[in-house]
Amino acid sequence: MTEKKNLTEALKKYFGFDKFKGDQERIIQNLMDGKDTFVLMPTGGGKSLCYQLPSLLMEGTAIVISPLIALMKNQVDVITNLSENEGTAHYLNSSLNKAAIDQVKADVLAGRTKLLYVAPESLTKEDNVEFLKSVKISFYAIDEAHCISEWGHDFRPEYRRIRPIVNEIGPAPIIALTATATDKVRTDIKKNLGIVDATEFKSSFNRPNLYYEVRPKTKDVDKDIIKFIKQHPDKSGIIYCLSRKKVEELAAILRANEIKAAAYHAGLDSTTRTQTQDAFLMEDIDVIVATIAFGMGIDKPDVRFVIHYDIPKSLEGYYQETGRAGRDGGEGICLAFYSNKDLQKLDKFMEGKPVAEQDIGRQLLVETAAYAETSVCRRKMLLHYFGEVYDKDNCGNCDNCLHPKTKIEAKDQLVTTLNAILAIKENFRSDYVIDFIIGKETDEILAHHHETQDLFGAGADDDDKIWNPVIRQALIAGYLKKEVENYGLLKVTSAGKKFLKHPSSFMIVKDAEFQDMDETVDHDGGISALDPTLSAMLRDLRKKVSKRLQRPPYVIFQDVSMEQMATDYPVTLEELKNIQGVGEGKVKQPYAQEFVDLIKAYCEENGIERQVDMRVRTVAKKSMLKVKIIQSIDRQIALDDIADAQGLEFEELLDEVEAIVYSGTKLNIDYFLEEVMDEDHIDDIYDYFSESDTDKLSVAQDELGDEYTEDEIRLVRIKFISEMAN
């Protein structure tokens, strides 16, 4: 108990915090007990404190091996500000002159320095090794430990030399820390550092406050980014690009559009980089456009958005870079632009590298593409990649969960997939498995004589695009796994084998389809810009129309439709049809013309440059599911029977029916209401919506009380909207 109390007192004394976050206290105690320690903790989790605090409490000097000069400087500044003594923390790297190096060594030998940051390149220099042999070392901390692994997103060969150097300098406990590591990377790190028996601390990778969205990368991507930043004025953000050239170009474009932005990459001199970093921390600059060189160890808690101009080379890199948003627990928008052409470019970059390195790089790209193209919850996908199970089906904070796609039954396709993998002896990756299933006679398949197998071409009659989502979602569901050591080979799990014996429903969502960069495509995002003046004018008009027609305002147009009108400025009825929640039925209402006339006049009076030039929206075709639902209701089939027939939960069916009536299609569900509801209940709920100025379910539930179920309220609301709005 005393030890625990002492650690908390030390935390308060040196860092001013009253309590530890997560596993910090256990990690520190483990290290102070002289044990090797492995820490896997997401960005913003407080990794640096895990070695900073024990270094101040233990006898001797802690050696912190860190990959970036910027990171070292930042952390030494932090410790210097906390400590009353000069020289408590130093760094030893190529940026120091001889006099500065002599001063560092003098402070270390005098016992003043508790933390010595060293770049891996500096650690291997002979004179530094000799010097450190004479120093009492409390422990070694290897920060950004994923740099050790070729499977990590930032492999550095010099990290592989750390263990032999540590052996030469002298033994002391080792603490390895990283924010991103799959099982494969974790194994690599421990093996290479010789700490296979280290106590492991793994924090959750879930950052609930981060919103994840992937948009198609079109030729107008610069305009999209400018528009996004303008709708988040005075907020700090980082934009990551893969090339220095694009960093410079984009920073210049942003500045030309009156956005306070600066470029940051390794090609700039250290003075410029330091000044840019400080200006960002001091909020003289709002946006940094950077290569991945920026952000490691930058302690800015209020970065509100991270944009990936180019899709990253790996999900580890993506996760770490997005992790720099919302470290204070506040808003953090993570927006990535994706196109197949970018993937092809990244693939091309690998040519000329050793074959093994190319193989690893391509497998990492496959995972990134899977994340970008999936229609599954992005949070679930990311956490699964890092070996963590996310139980919820809808996280409510990513584009796929805010705009869910219709699920389809894929039981038969999963059976086909599992059988195919077993037939080819679980010895191939997903691209090979798909070629085998669809009956594609590739050179590789012919070489293995798999075209003679009974199951070759077993899925030839299905849409080719279904197999990737089946495999990806089977991995998440635990029916398949990818072999860690032999990366990418698909294996059927025991759960998969059980499924084959007793197949049951397996609902999936198809992947999103991305067009090439030179095509302009629609991208509904979870985030939208809004013209507040126009928004107010549209609301006034809606109020006027609602009084004239004696209907509640939300019956005229939903809030979500109003917001999109004030964003996209539709000036014709045809353009109005592209607005969310507006369909053919709505556009035929006489008042629809009043709204487009108002928007047109407003644009002309204010010289508004409409966004239709920036992105051409396409009319989404009515899905087959919606058509089937409308036809079934016309035939007066009970709604619960329709749900069963379409493989939907009842609540999911109501979601679909609501979308149909809100967009302007009239549906008569009286036959079902009369069957399942009390007439007085129907009248009470109907009267409530007639007098209410909101259609929100939560408000209706509060007003109406517990005697009415949520399903009853939703059903009558559907009847009301259908009759009054359409």
Side-chain angles (χ1 to χ4, degrees), residues 214 315 338 340 343-344 347 362-378 380-381 384-385 400 404-483 486-493 495-500 503-515 623-625 647:
V214 178
L315 278 184
Y338 172 72
N340 293 315
L343 274 190
Q344 289 159 20
D347 196 279
R362 289 200 171 101
Q363 282 305 309
L364 294 175
L365 276 185
V366 165
E367 300 291 352
T368 308
Y371 170 80
E373 292 170 11
T374 189
S375 297
V376 172
C377 168
R378 297 203 188 278
K380 190 189 272 281
M381 197 78 177
H384 175 262
Y385 182 74
N400 287 342
K405 281 195 170 179
T406 304
K407 289 190 171 184
I408 58 168
E409 180 59 72
K411 175 177 77 174
D412 296 344
Q413 287 83 356
L414 179 57
V415 168
T416 300
T417 302
L418 297 174
N419 279 325
I421 291 166
L422 291 169
I424 56 176
K425 305 286 187 276
E426 302 179 291
N427 212 17
F428 296 89
R429 295 173 178 169
S430 61
D431 51 356
Y432 186 98
V433 171
I434 292 170
D435 286 342
F436 176 79
I437 289 170
I438 64 175
K440 194 173 179 184
E441 293 189 352
T442 63
D443 291 345
E444 205 181 346
I445 280 177
L446 294 173
H448 287 97
H449 305 298
H450 281 152
E451 78 285 2
T452 60
Q453 286 260 16
D454 289 346
L455 281 170
F456 179 70
D461 294 336
D462 289 278
D463 177 359
D464 288 358
K465 293 193 176 106
I466 201 169
W467 301 107
N468 257 322
V470 166
I471 289 172
R472 289 165 186 169
Q473 289 164 63
L475 284 161
I476 291 171
Y479 297 129
L480 288 175
K481 66 175 182 183
K482 278 187 180 175
E483 200 174 61
N486 209 342
Y487 199 80
L489 301 194
L490 291 176
K491 306 284 178 185
V492 179
T493 62
K497 285 168 185 165
K498 274 185 202 158
F499 183 91
L500 279 176
S504 55
S505 175
F506 182 62
M507 303 299 289
I508 66 158
V509 278
K510 283 189 171 182
D511 286 350
E513 286 189 37
F514 285 83
Q515 287 154 290
S623 71
M624 282 310 295
L625 176 66

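- Scanning both residues, Phe456 and Glu441, for their nearest heavy atoms gives CZ-CG, 3.7 Å.
- With hydrogens and angles ignored, the 3.5 Å screen pairs no side-chain donor or acceptor of Asn400 with any backbone N or O of Arg378.
- At least one donor-acceptor pair under 3.5 Å links the side chain of Gln453 to the backbone N or O of Ala423.
- Distance check: Ile471 CD1 to Ile476 CD1 gives 12.5 Å after rounding to the nearest 0.5 Å.
- We find the CD-OG distance between Gln363 and Ser430 to be 7.0 Å, quoted to the nearest 0.5 Å.
- Heavy-atom minimum distance, Ala369 versus Leu343: CB-CD1, 3.5 Å.
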For this session: Verify side chain to side chain contact (heavy atoms under 4.5 Å, CB included) between Tyr432 and Leu490, making sure each step is shown before the conclusion.
Result: CA-CA 10 Å; Tyr432 186 98; Leu490 291 176; over 6 Å; no

Problem set entry | Step-by-step side chain to side chain contact (heavy atoms under 4.5 Å, CB included) determination, Trp467 to Asp462 | CA-CA 9 Å; Trp467 301 107; Asp462 289 278; 3.7 Å; yes

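- Summarising the geometry, atom CG belonging to Leu489 is positioned 6.0 Å from atom CG belonging to Asn427; distances are rounded to the nearest 0.5 Å.
- Checking side-chain atoms of Glu426 against main-chain N and O of Val492 turns up a donor-acceptor pair under 3.5 Å.
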Problem set entry | Verdict with reasoning, Leu500 to Leu422, per side chain to side chain contact (heavy atoms under 4.5 Å, CB included) | CA-CA 11 Å; Leu500 279 176; Leu422 291 169; 3.6 Å; yes

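- In this structure, the separation between CG on Leu455 and CD1 on Ile424 is 9.5 Å, given to the nearest 0.5 Å.
- Minimum interatomic distance between Ala512 and Ser375 (heavy atoms only, all atoms of both residues): N-OG, 3.3 Å.
- Tested against Val415 for a side-chain contact (heavy atoms from CB on, under 4.5 Å), the candidates Asp412, Thr417, Asn419 yield a single pass: Asn419.
- The environment of NZ in Lys405 is crowded: more than 12 heavy-atom neighbours from other residues, nucleotides or ligands sit within 6.0 Å.
- Between the side chain of Lys491 and the backbone N or O of Lys481 there is no donor-acceptor pair closer than 3.5 Å.
- Contact record, Gly496 with Leu418: O-CD1, 3.5 Å, taken as the closest heavy-atom pair.
- One N or O on the side chain of Thr493 and one on the backbone of Tyr479 form a donor-acceptor pair closer than 3.5 Å.
- Nearest heavy-atom pair across Met381 and Tyr371 is CE-N, 3.9 Å.
- Under the side chain to side chain contact (heavy atoms under 4.5 Å, CB included) criterion, Ala420 pairs with Phe436, Ile437, not counting sequence neighbours.
- Within 6.0 Å of atom CG in Asp461, 12 or fewer heavy atoms from other residues, nucleotides or ligands are found, so the atom counts as exposed in its surroundings.
- You'll find the side chain of Asp463 reaches within 4.5 Å of the side chain of Lys510, heavy atoms only.
- One distance of note links NZ of Lys482 with OH of Tyr385; it measures 8.5 Å at 0.5 Å rounding.
- Evaluation of the side chain to side chain contact (heavy atoms under 4.5 Å, CB included) rule for Asp431 yields Arg429 as partners, not counting sequence neighbours.
- In this structure, NZ in Lys407 is found 8.0 Å from CD in Gln473, a value given to the nearest 0.5 Å.
- Partners of Ser505 under the side chain to side chain donor-acceptor pair (under 3.5 Å) rule, at least two apart in sequence or in another chain, are Glu409.
- For Phe506 against Ala474, the heavy-atom pair with the smallest separation is CZ-N, 3.8 Å.
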Problem set entry | Step-by-step side chain to side chain contact (heavy atoms under 4.5 Å, CB included) determination, Phe499 to Lys411 | CA-CA 10 Å; Phe499 183 91; Lys411 175 177 77 174; 4.1 Å; yes

